[in-house]
Amino acid sequence: MDEARLSAHERRVLAGIEADLGADDPFVRRMAAHRPAPRPPRITRRGAVGAAALGAATLILLVLAVATSAPGLIWGFAAAWVLTVTLVLSMAVRWTRGRAGGERPDA
């Protein structure tokens with residue numbers, strides 16, 4: 001991605017604006033109050049147990065679907081598999097964001 005470069009004059013003006021804002025104590029306090037605190041990874045025991053239970057149910061549905069070839073069990077397995085993968089991937093994303101500092105790339 002191309003970066004916009006500032007001229008020397010623009011950098012001096014920007015530095016002056018930042019210095020003026022930094023010297024304004026009430027403004028600095030208001031901005032510090034609005035700064036979000038970093039969040040720890042939010043993988044709870046309940047979420048992990050839920051993922052394990054859904055994974056076990058998916059495995060049971062797979063075995064039953066293969067053994068019987070019943071269309072209902074096959075569709076049940078497919079739905080459970082999608083839910084399991086979605087849950088595990090969302091937990092992995094939350095865990096990696098928490099480990100990386102909690103910042104979102106689009107924020």
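Just the heavy atoms: all of them, side chains too, but no hydrogens, waters or symmetry mates, feed the values below. Keep in mind that this is a model prediction, so the values were computed, not measured.
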Partner of Phe77 under side chain to side chain contact (heavy atoms under 4.5 Å, CB included), chosen from Leu61, Ile60, Leu64: Leu61
Quick one: closest heavy-atom pair of [X] and [Y], and the distance?
X     : Y     : answer
Leu87 : Leu54 : CD2-CD2, 4.4 Å
Ala51 : Met91 : CB-SD, 4.0 Å
Glu10 : Arg5  : OE1-O, 4.3 Å

Same cluster for [X] and [Y] if Ile/Leu/Val/Met/Phe/Trp/Tyr side chains link at under 4.5 Å?
X     : Y     : answer
Leu62 : Val82 : no
Leu21 : Val13 : yes
Val93 : Val85 : no

Within this structure, what is the [atom1]-[atom2] distance for the pair [X] and [Y], rounded to the nearest 0.5 Å?
X     : Y     : atom1 : atom2 : value
Arg12 : Leu6  : CZ    : CG    : 12.0 Å
Ser7  : Arg11 : OG    : CZ    : 7.0 Å
Asp20 : Phe27 : CG    : CZ    : 11.0 Å

